[in-house]
Amino acid sequence: MKTPEEATTLQRTVKLKASFEDQKPGTSGLRKSICKFSEPHYLESFIEAIFQTLPNVKGGTLVLGGDGRYGNEKAIQTILKIGAAHNLDRIITTTNGILSTPAASNLIRNRKAIGGIILSASHNPGGPDGDFGVKVNGANGGPASESLTNSIYSCTKELNEYIFLESPNVSINAQGEKPLGGMIVEVIDGVEDYVMLMKKLFNFESIKQLLNDDFTLIFDAMNAVTGPYAHRLLEQLLKAPQGTVINGLPLEDFGGCHPDPNLTYASGLAELLLKKKKYSFGAACDGDGDRNMILGKGCFVNPSDSLAVITANAHFIPGYANGIKGVARSMPTSSAVDAVAKDLGINCFETPTGWKFFGNLLDANMITLCGEESFGTGSNHVREKDGLWAVLCWLQILSKRRLSVAEIMKDHWQKYGRHYYSRHDYEGVESNVAIALFDRLEKLLPTLIGNQFAGSIVKIADNFAYTDPIDKSVSKNQGLRIILEDNSRLIIRMSGTGTKGATLRVYLESYVATGGRLDLDPQEALKPLINEINSLAEIEERTGMKKPTVIT
Ligand code: G1P
Ligand code: ZN
């Protein structure tokens with residue numbers, strides 16, 4: 001058998017069998033069951049389409065890695081061989097292919113790569129019965145633009161064959177450079193560059209002192225990619241005690257868990273903090289390390305509030321001490337950060353759901369911080385949301401302010417008022433049922449304007465459309481919204497990332513100004529809105545579901 005260095009024969013496969021009709025990549029690239037990905041030529045065809053579409057492949061450098069889920073290493077080998085056949089100059093991958101999404105974004109930028117391929121289905125379950133995904137990032141380190149994913153999709157429809165280099169697998173279990181035909185496979189430690197970036201942004205000494213002073217911390221890596229990063233950052237560098245990081249070994253099936261850091265899927269951690277009140281601070285990240293959940297003793301920090309708190313306290317973080325240019329949030333995210341932006345005299349942009357919409361604003365230096373209600377927070381340091389970065393932001397703020405998480409929240413609401421907020425997800429709804437519900441509601445919207453709704457009057461009722469301020473591209477159909485005169489908001493949209501049936505998301509927000517009741521349970525505070533939207537949209541009647549599958 002030839003060694004990888006000798007393997008220069010270009011092999012062409014037989015005609016393709018994989019079809020991508022109805023497989024249009026969504027906001028997160030191609031995300032499907034592992035079963036689908038195991039179909040002959042399926043992964044290969046998609047990768048071929050990426051290499052035919054991505055600019056500057058020949059002679060370029062590509063970053064490649066994933067969250068370690070079932071299929072990760074096998075897919076890496078496949079991509080290396082197709083990449084070599086397409087005359088890439090270099091593929092940078094990591095030991096055992098473990099690379100978090102924000103770390104990949106950082107590497108693409110640092111190494112001036114043409115882009116990256118991240119193998120992950122984010123927070124979806126993994127293992128032989130779980131999901132797999134291929135995410136394409138561009139040269140700025142961010143998720144591929146809609147036009148690029150559309151071109152990749154068009155290309156899949158034209159393909160007849162794919163090319164790859166016939167070669168044995170390249171060993172990626174140790175660092176080093178290995179030739180594969182005319183291409184170099186550079187295997188690096190996937191944690192190092194990311195840690196260097198965090199050291200530039202944060203004052204580790206002050207966090208170390210906090211951890212030394214009667215402050216207890218627990219981090220749940222959910223058996224996914226952030227384990228090695230958190231061990232290095234929290235235990236080795238910040239000297240948190242061994243055992244601070246739980247579920248810290250990336251497993252192919254995430255130990256059977258659903259690696260989504262929210263109150264439902266990280267309920268064990270939530271119980272430790274919220275019921276048993278065992279730690280000063282707790283956090284968790286998702287499968288590929290871009291999402292975060294922040295908890296204090298007896299206190300859950302809503303992600304929309306987390307973005308607002310980080311913005312209001314950014315001057316305590318060295319990387320942002322010189323001020324922030326502006327902020328952005330996805331449309332369904334609560335307006336908590338808007339209040340802070342107003343106070344700071346900076347712009348606040350409202351974008352459609354999906355991190356890619358922040359890319360142009362970040363690249364144009366119009367915003368510094370951004371976030372989504374779906375446990376995503378980030379900044380201009382990379383072009384992805386970043387779970388551990390958010391954890392470090394909180395630790396840095398706590399190290400300076402020396403208040404508990406609950407006190408920080410209380411203080412924040414006393415200054416800005418409170419945006420009560422919740423998201424109700426109805427998962428696994430039959431697609432035609434969800435579409436019919438949605439279409440009916442959309443048709444009803446114009447009739448609502450000016451009418452009574454949950455104790456207020458409907459001011460705006462439409463389907464959100466966004467014009468990108470930089471490239472002027474228009475994204476329509478981004479979610480139905482009902483905005484009331486008291487600034488309460490109701491949003492309904494269909495998930496673009498679910499893989500089983502349709503997921504209906506209902507977002508609820510109501511504002512209570514300083515001086516009002518700031519200590520209510522959000523579900524209580526939002527009750528009138530919940531009842532009104534449930535009956536207007538006929539949710540139970542049409543889906544047969546008495547309550548949402550996930551409430552956050
Ligand atoms: C979900 C979130 C969205 C996030 C995306 C990728 O998308 O709602 O905010 O950007 O995952 O993490 P959805 O399933 O709602 O389309
Ligand atoms: Zn993710």
Side-chain angles (χ1 to χ4, degrees), residues 24-31 65-69 99-105 118-126 131-133 135 137 142-144 146 149 221-222 224-226 229 250 254 258-262 265-266 284-293 303-304 306-307 328-334 350-359 370-378 382-390 421 423-429 434 438 464 475 477-480 491-507 548-550 552:
K24 196 168 178 177
T27 45
S28 312
L30 191 65
R31 193 182 288 186
D67 62 12
R69 69 178 61 224
L99 183 64
S100 80
T101 290
S105 182
I118 303 170
L119 302 167
S120 171
S122 188
H123 49 281
N124 291 16
D131 287 338
F132 194 75
K135 201 160 95 80
N137 281 34
E146 208 156 336
T149 35
M222 304 192 89
V225 81
T226 51
Y229 296 83
F254 307 123
H258 190 149
D260 199 3
N262 59 38
Y265 297 125
C285 288
D286 74 329
D288 62 331
D290 56 359
R291 292 185 173 194
N292 73 89
M293 176 168 73
S304 299
S306 179
L307 175 63
R329 61 162 173 84
S330 68
M331 185 272 282
T333 302
S334 97
E350 185 179 47
T351 58
T353 295
W355 206 259
K356 65 180 178 196
F357 291 102
F358 297 133
C370 46
E372 295 191 276
E373 50 64 42
S374 51
F375 297 83
T377 335
V382 287
R383 292 295 180 272
E384 291 278 3
K385 51 190 177 253
D386 188 346
L388 275 164
W389 168 88
Y421 185 83
R423 184 175 106 182
H424 290 191
D425 291 338
Y426 296 84
E427 296 171 318
V429 180
F438 191 90
F464 180 64
S475 305
N477 201 16
Q478 297 298 321
L480 306 182
I491 288 125
I492 293 203
R493 55 178 289 281
M494 301 240 252
S495 157
T497 61
T499 52
K500 289 181 192 82
T503 295
L504 207 62
R505 304 203 195 284
V506 181
Y507 309 79
T549 37
V550 178
T552 41

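First listed ligand is number 1; within each ligand, the first listed atom is number 1.
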Under 4.0 Å between a Lys/Arg side-chain N and an Asp/Glu carboxylate O for Glu350 and Arg329?
-> yes
Would you say the side chains of Ser105 and Asn137 form a donor-acceptor pair under 3.5 Å?
-> no
List every atom of ligand 1 that sits less than 4.0 Å from any heavy atom of Lys385, numbering the atoms from 1 in the order shown and giving each element.
-> 4 (C), 6 (C), 10 (O), 12 (O)
Restricting Asp286 to its N/O/S atoms, the closest one to the Zn ion (ligand 2) is OD2
With the Zn ion (ligand 2) as the point of reference, which N/O/S atom of Asp288 is the closest?
-> OD1
Could you grab the distance from atom OH of Tyr229 to atom CG of Leu99, nearest 0.5 Å is fine?
-> 4.5 Å
Check: Leu307 main-chain N/O paired with Thr377 side-chain donor or acceptor under 3.5 Å = no
Could Lys135 and Glu384 be called an ion pair, given the rule that one side-chain N must be under 4.0 Å from one carboxylate O?
-> yes
Asp131/Arg31 salt bridge by N-O under 4.0 Å criterion = no
Pull out every atom of ligand 1 sitting under 4.0 Å from any heavy atom of Arg493, numbered as shown with elements.
-> 8 (O), 13 (P), 15 (O), 16 (O)
Does any N/O atom on Gly496 come nearer than 3.5 Å to any N/O atom on ligand 1?
-> yes
With rounding to the nearest 0.5 Å, note down the distance linking CZ in Phe375 to OG1 in Thr552.
-> 5.0 Å
A student checking ligand 1 against Arg505 at a 4.0 Å heavy-atom cut-off should list atoms 8 (O), 13 (P), 14 (O), 15 (O)
Measure from the Zn ion (ligand 2) to each N, O or S atom of Ser120 and report whether any distance is below 2.8 Å.
-> no
For Thr353, is at least one N or O under 3.5 Å away from an N or O on ligand 1?
-> no
Any Arg31 heavy atom less than 4.0 Å from ligand 1 | no
Would you tell me which option among Pro303, Gly376, Pro332, Ser374 has the nearest heavy-atom contact to atom 9 (O) of ligand 1?
-> Ser374
Taking all atoms of both residues into account, what is the closest heavy-atom pair of Pro332 and Ile491, and its distance?
-> CA-CD1, 4.0 Å
Nearest option to atom 11 (O) of ligand 1, as decided by whichever heavy atom of His123, Arg423, Arg291 sits closest | Arg291
For Asp67 and Arg69, indicate whether the former's side chain and the latter's backbone hold a donor-acceptor pair under 3.5 Å.
-> yes
So is Gly354 close enough to ligand 1, meaning a heavy atom under 4.0 angstrom away?
-> yes
Given atoms OD1 of Asp290 and OG of Ser122, what angle do they subtend at the Zn ion (ligand 2), to the nearest 10 degrees?
-> 160°
